[in-house]
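Reviewing the structure listed below.
Hydrogens, waters and symmetry mates play no part in the numbers below; they use all other heavy atoms, side chains included. Just so it is clear: chains get the letters A, B, ... in the order the sequence lines come, proteins before strands, and each one is counted from 1.
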There are 2 protein chains.
Amino acid sequence: MTTTSQYHHGDLHGTLIDAASARLEKFGIAGLSLRKLAEDVGVSRTAPYHHFKDKNALLSAIAAKGFDQWHQIAVDIFEDEHLPAEQRFKDFIHAYIEFATQHPQIYELMFGQTLWGEGKASDDLRDIAYPSFQYQVSMTRLWQEKGLLPQDQQALRLAQVTWATLHGIARLIIDGIYADASHIEEMCNCAAALFMQQHAAAPD
Amino acid sequence: MTTTSQYHHGDLHGTLIDAASARLEKFGIAGLSLRKLAEDVGVSRTAPYHHFKDKNALLSAIAAKGFDQWHQIAVDIFEDEHLPAEQRFKDFIHAYIEFATQHPQIYELMFGQTLWGEGKASDDLRDIAYPSFQYQVSMTRLWQEKGLLPQDQQALRLAQVTWATLHGIARLIIDGIYADASHIEEMCNCAAALFMQQHAAAPD
DNA sequence: CAGTTAAATTGACACTGTCAAGATTCAATT
DNA sequence: AATTGAATCTTGACAGTGTCAATTTAACTG
């Protein structure tokens with residue numbers, strides 16, 4: 001019951017998620033092979049299928065962890081009362097891109113077609129992802145009320161467009177189109193300035 | 001030399017691209033199997049390898065076609081002197097999203113990590129894709145000079161951010177995250193208004 | 001017509017995800 | 001404590017995939 005090989009693994013579910021996360025970061029989502037993964041963990045090829053319906057179910061579990069992680073970051077920024085709203089908005093933008101670029105494979109999982117395409121997304125995944133966006137909508141609404149963001153737009157649309165912008169920047173980097181990563185900072189600043197525009201100059 | 005089965009296909013190169021494009025639109029990039037493709041064309045599994053180095057080389061050829069197609073659309077809009085600049089900017093936005101949503105698989109190919117990821121992109125692909133973006137930068141610069149877009153930003157940054165926004169919207173739809181396609185129009189309008197802001201209200 | 005080259009072929013290899021049947025262990029009930 | 005039932009893990013197998021090597025066939029070139 002110590003280190004000797006045991007028929008029942010004990011916590012294969014959790015171990016698989018950990019090992020899969022590690023493999024994912026190294027080899028990407030396509031390079032994550034269930035068979036190699038099983039070998040890593042020291043278990044037969046089909047053992048994982050007793051804990052996850054299929055490969056996507058395992059990936060969903062990893063994505064869920066990613067959503068928790070990101071949501072925590074977003075909340076920390078938004079609820080930091082010390083900083084002025086403008087700074088928090090900028091921080092939010094930079095944090096988003098930083099999260100995406102530092103965990104590209106997880107980001108791809110969270111927002112890529114592997115899990116979302118063709119209505120593949122499970123209800124579990126939806127239930128985790130949607131609140132995260134709803135939270136951003138409420139943040140947007142508040143920034144609008146504070147006069148930081150344009151008030152002549154619906155909060156939902158504004159949130160969708162700002163998110164799309166961040167998502168677009170993230171993907172262009174992650175997917176290898178913007179190979180030159182040295183200008184990311186400036187792009188973020190440009191995006192922030194665009195969204196705030198006249199409001200940016202006022203408080204300072 | 002007519003319709004009888006012939007050992008040499010004649011124009012396998014072109015036929016493969018056509019058949020692959022058709023298969024791509026139906027089954028997506030992952031569902032495009034070289035073997036099935038060869039079967040469609042009536043040729044052995046490895047015949048395509050005498051015309052394309054590997055699967056990615058074939059996909060690159062299809063992507064190249066897509067770039068040509070899109071560039072033509074962009075040029076047509078930008079050079080339509082009949083319309084005011086503001087309208088052309090809006091048209092450009094809508095055309096981009098329309099192109100992406102009507103040819104999702106090709107768009108994925110053109111801007112996805114399949115061809116671009118990890119420095120995979122061939123020089124040929126780069127030589128086709130870059131001018132397309134450079135053209136958009138020059139369009140942005142002109143719109144700035146006309147006072148349509150903010151002038152306190154570098155044209156390059158502005159073009160990058162606007163492109164990122166469009167790319168983000170496109171991907172969120174294509175990848176199945178924005179399943180509700182009924183609000184795409186409004187999102188595009190919101191994005192256009194954001195970029196133009198004060199300038200939008202002036203001419204009307 | 002001979003010889004080189006290009007094009008297409010079969011065979012094979014190393015992978016992949018996943019299903020079906022059987023073996024093993026654990027947990028709970030008699 | 002023994003038996004039953006469920007959970008867990010195993011081997012075997014199937015249908016795919018991209019791609020390489022060696023080989024045959026056709027077409028061009030001198």
Checking B/Glu86 against B/Lys90 for the salt bridge (charged side-chain N to carboxylate O under 4.0 Å, His left out) test, could you report, in this order, the C-alpha distance in whole Å, the side-chain angles of both residues, the deciding distance, and whether it holds?
CA-CA 6 Å; B/Glu86 182 184 336; B/Lys90 287 181 185 172; 3.3 Å; yes

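Summarising the geometry, the separation between NE2 on B/His13 and C1' on C/dA8 is reported as 16 Å, rounded to the nearest angstrom. Atom NE2 in A/His50 sits about 13 Å away from atom P in D/dT11, given to the nearest Å. In this structure, the CZ atom of B/Arg45 is 8 Å from the C1' atom of C/dG11, given to the nearest Å. If you measure from atom CG of A/Leu16 to atom P of C/dG17, you get 13 Å, rounded to the nearest angstrom. One can place OH of B/Tyr49 at 17 Å from P of D/dA22, the figure rounded to the nearest angstrom.
Rounding to the nearest 0.5 angstrom, the gap separating the CD1 atom in B/Ile29 from the CG atom in B/Leu109 is 5.0 Å. Between the CZ atom of A/Arg35 and the CG atom of A/Leu37 there is a distance of 12.5 Å, given to the nearest 0.5 Å. Separation of atoms CD (A/Gln144) and CD (A/Gln153) is listed at 8.0 Å; rounding is to 0.5 Å. To the nearest 0.5 Å, the span separating CE on A/Met187 from CG on B/Leu158 amounts to 11.0 Å.
Classification of the B/Phe92-B/Trp70 ring pair by plane angle, with boundaries at 30° and 60°, yields tilted. Using bins of under 30°, 30° to 60° and over 60° for the plane-to-plane angle, the ring pair A/Tyr178/B/Trp163 lands in the perpendicular bin.
Near DNA chain C, meaning a heavy atom under 4.0 Å from it, residues 52-62 of chain A has A/Asp54, A/Lys55 in order of number. Near DNA chain C, meaning a heavy atom under 4.0 Å away, there are no residues from residues 110-125 of chain B. Applying a 4.0 Å cut-off to non-hydrogen atoms, the residues of residues 24-41 of chain B that approach DNA chain C are B/Arg35, listed by residue number.
Ring to ring, B/His71 and B/Phe78 are not that close: their centroids are 6.0 angstrom or more apart.
When distances are taken from the side chain of B/His51 to each of C/dA7, D/dC9, C/dT10, the shortest belongs to C/dA7. Closest to the side chain of A/Leu12, out of D/dC9, C/dT10, D/dT10, is D/dC9.
B/Glu185 and B/Asn189 are not linked by any side-chain donor-acceptor pair at a separation below 3.5 angstrom, with hydrogens and angles left out of the test. Checked by atom type, the side-chain pair A/Asp76/A/Gln72 shows a donor-acceptor distance below 3.5 Å.
Between A/Arg171 and A/Glu108, at least one side-chain N (NZ, or NE/NH1/NH2) sits under 4.0 Å from a carboxylate O, which counts as a salt bridge.
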